[in-house]
Amino acid sequence: MEGPAMIQRTGIDKVLSGGSTGTTVTIYGWVRTSRSGKNVAFAALNDGSSVQNLQVVFDREAFGDESLAGLQAGACVCVTGTVVESSGEQAVELAARSLQVVGPVDTDFPLQKKRHGLDFLRTMPHLRSRTNTFGAVFRMSHHLSLAIHRFFDTEGFYHIHTPIITESDCEGAGETFRVTTLPAGCADFDQDYFRRKSFLSVSGQLEAEPFALSLGKVYTFGPTFRADPSDTRTHAAEFWMIEPEMAFYDLDDNIALIERFVKFCASYLSEKCAADIAFFSEHYEKGLGDRYRTLEEGFARVSYTEAISILGSTSGVFSSVPSWGDDLATEHERYLAEKHFGRPVFVTDYPASMKPFYMFMNPDGKTVAACDLLVPGVGEIVGGSQREHRLPVLTDRAVAQGLDLSVYSWYLELRRWGTAPHAGFGLGFERLLMYLSGMENIRDVIPFPRTFGKMY
RNA sequence: GCCUCGUUAGCUCAGUCGGUAGAGCGGGUGGCUGUUAACCACUAGGUCGGAGGUUCAAGUCCUUCACGAGGCGCCA
């Protein structure tokens, strides 16, 4: 019996990494550009394994014009040939012996070899990953995901899959999407699939806490859904969030972990995605190298109260100057991260009135043990806190915020049966990816973005 | 939801004071060349986002709608 006819191919990254000169390889890839000379024709192939293209050289006499006409931008081709040293800019190239057009392109193929605008590419999420930019984005996205799992594994965390369909509709996190099988217009929730109202999760935190109070240190990393009408470059309706939750952690432990975590991700990407980072640095964010260098130094830390004081003594810069008890506006957050500190900064101990019921009430009775991490260029990427583990305080705050205690009964029980100090945070995966790539719009770091009013 | 800007060839964009449509790239044809977003020449390609209005005349001015981008609020 014959074995399966598996496709044999070599990745372009492997050919370019050297050591294969003189060998015969078969490459599958998409044509980025092609041009022809009197005796030879050239095509630049990309197969997604690298931001670099492989230059393939064809002998015009051997292949003929009809055959080479298939080398149009966008076509998928298979080339077998010999890896040789190049006389041009690149170290090696492929001297072709055979060419097969696997997938030709119609002439209205929208991607061209010149640079396209990101807006335009957003309208074709099924094609934009064939560009240098989006190839780099999604290679980096992969490595960032792996970095996250590796970090928490090394730190002794367990990965928990918290539910995507939940019962609690609000934790101060945002608006929810309803999940239902009822016909349109029907509001008889007893007849609904779960025999009650249900929602897509806006956070896995509440479900992660029980596992922190049993396994010690856990994290969730999964899709999160927010129905907020937020139409900005940093908001998406569907995004991925990393939410660690740790028993026997206070606010200081929490902050130290966040800093360690972000630094690990940066150094991991520096090692795994050097070529892609260089690409972003050259074409998108000139200061990306500096950004990575600052990440090797310490983050700044201020309390909310100190931040208000800093902003108050900075005159003539802001459209409004906040006083104690006001939210920090985007212009204030940007000033702190980009101008005043010039690096990532933790803002801690916010007024209790501004934060959700589950955050730990500080001894001053006015502030809670919260920490937001603000980074230059993106803004807030982390929101975290020590959790309130004292039942009476927690109950009082839940009632004060008008929550239905019956929905949170099991959450409250955790404080009656073996409660323990604990802390955690939520980090937006795509915002971290924006920060580490220099991409400025969250729609450009999500494969098929879903944002307010738009499903690309 | 509010504010600002934008929408002209497949793509990127120019279009002056209101006078009837332009370039580069891409497509096609030819030339030249171990090229590097190759180059050179020729060629095809447009209901100037839609509707209405002002005017002798609207890509240009006004109204309105649609779509897109940025900012704000909220958050990750």
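Chain letters run A, B, ... following the sequence lines, proteins first and then strands; every chain starts at 1.
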At less than 4.0 Å, is any side-chain N or O atom of [X] found next to OP1 or OP2 of [N]? Yes or no.
X: A:Arg443; N: B:A69; answer: yes
X: A:Asn441; N: B:G70; answer: yes
X: A:Thr330; N: B:G71; answer: no
X: A:Arg35; N: B:U35; answer: no
X: A:Thr234; N: B:A76; answer: no
X: A:Gln72; N: B:G28; answer: yes
X: A:Arg233; N: B:C75; answer: no

For atom [atom1], what is the distance between [N] and [M], given to the nearest Å?
N: B:C56; M: B:A66; atom1: P; answer: 32 Å
N: B:G24; M: B:U64; atom1: P; answer: 39 Å
N: B:A14; M: B:G30; atom1: C1'; answer: 29 Å
N: B:C17; M: B:C62; atom1: P; answer: 14 Å
N: B:G10; M: B:A44; atom1: P; answer: 16 Å
N: B:U8; M: B:C13; atom1: C1'; answer: 9 Å
N: B:U60; M: B:U16; atom1: P; answer: 11 Å
N: B:A41; M: B:G26; atom1: P; answer: 13 Å

Problem set entry | Residue of the set A:Asp252, A:Ile255, A:Val302 for which side-chain contact (heavy atoms from CB on, under 4.5 Å) holds with A:Thr348 | A:Ile255

Determine which nucleotide pairs with [N], using a 3.5 Å limit on both distances of a Watson-Crick or G-U wobble pair.
N: B:U43; answer: B:G27
N: B:A21; answer: none
N: B:U60; answer: none
N: B:C5; answer: B:G68
N: B:G73; answer: none
N: B:U33; answer: none

So for [X] and [N], does any side-chain atom that can act as donor or acceptor lie under 3.5 Å from a complementary atom in the base?
X: A:Gln55; N: B:U35; answer: yes
X: A:Glu93; N: B:G34; answer: yes
X: A:His235; N: B:C75; answer: yes
X: A:Arg226; N: B:A76; answer: yes

Could you tell me how far apart [X] ([atom1]) and [N] ([atom2]) are, to the nearest whole angstrom?
X: A:Asn39; N: B:A38; atom1: CG; atom2: P; value: 19 Å
X: A:Lys355; N: B:C74; atom1: NZ; atom2: P; value: 11 Å
X: A:Leu373; N: B:C75; atom1: CG; atom2: C1'; value: 15 Å
X: A:Phe452; N: B:C72; atom1: CZ; atom2: P; value: 17 Å
X: A:Leu127; N: B:G10; atom1: CG; atom2: C1'; value: 14 Å
X: A:Phe120; N: B:C25; atom1: CZ; atom2: C1'; value: 13 Å
X: A:Ile442; N: B:C75; atom1: CD1; atom2: C1'; value: 11 Å
X: A:Gln112; N: B:G28; atom1: CD; atom2: P; value: 12 Å

Taking the ring of [Y] and the ring of [X], is the distance between their centroids below 6.0 Å?
X: A:Phe341; Y: A:Phe299; result: no
X: A:Phe211; Y: A:Tyr158; result: no
X: A:Tyr408; Y: A:Phe357; result: yes

Assign [X] to base, sugar-phosphate, or nothing according to its heavy-atom contacts below 4.0 angstrom with the strands shown.
X: A:Pro229; result: base
X: A:Thr123; result: nothing
X: A:Ser319; result: nothing
X: A:Asp327; result: sugar-phosphate
X: A:Gly383; result: sugar-phosphate
X: A:Arg32; result: nothing
X: A:Ser87; result: base
X: A:Glu331; result: nothing
X: A:Gly426; result: sugar-phosphate
X: A:Glu430; result: nothing
X: A:Ala44; result: nothing

With under 30° as parallel and over 60° as perpendicular, where do the rings of [X] and [Y] fit, or are they tilted in between?
X: A:Phe58; Y: A:Phe63; answer: perpendicular
X: A:Phe318; Y: A:Tyr335; answer: perpendicular
X: A:Phe425; Y: A:Phe261; answer: tilted

Problem set entry | Given B:A69, B:A76, B:G34, the nucleotide with the shortest approach to the side chain of A:Ser86 |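 When the side chain of A:Ser86 is considered, B:G34 is the closest of B:A69, B:A76, B:G34.
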
Exercise. Out of B:A69, B:U35, B:U33, which nucleotide sits closest to the side chain of A:Lys38?
Worked result: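 When the side chain of A:Lys38 is considered, B:U33 is the closest of B:A69, B:U35, B:U33.
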
For this session: Indicate whether A:Phe429 forms a stack on B:A76; treat it as stacked only if centroid distance is below 5.5 angstrom and interplanar angle below 30 degrees.
Result: no

Problem set entry | Test applied, ring-ring contact (aromatic ring centres under 6.0 Å, His included); reference residue, A:His149; option that passes from A:Phe264, A:Phe429, A:Tyr219 |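 Testing A:His149 for a ring-ring contact (aromatic ring centres under 6.0 Å, His included) against A:Phe264, A:Phe429, A:Tyr219 leaves exactly one candidate, A:Tyr219.
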
Exercise. Between OG1 of A:Thr234 and OH of A:Tyr435, what distance do you get to the nearest 0.5 Å?
Worked result: 15.5 Å

Problem set entry | Working for salt bridge (charged side-chain N to carboxylate O under 4.0 Å, His left out), residues A:Asp253 and A:Arg260 | CA-CA 11 Å; A:Asp253 297 318; A:Arg260 210 153 65 237; over 6 Å; no

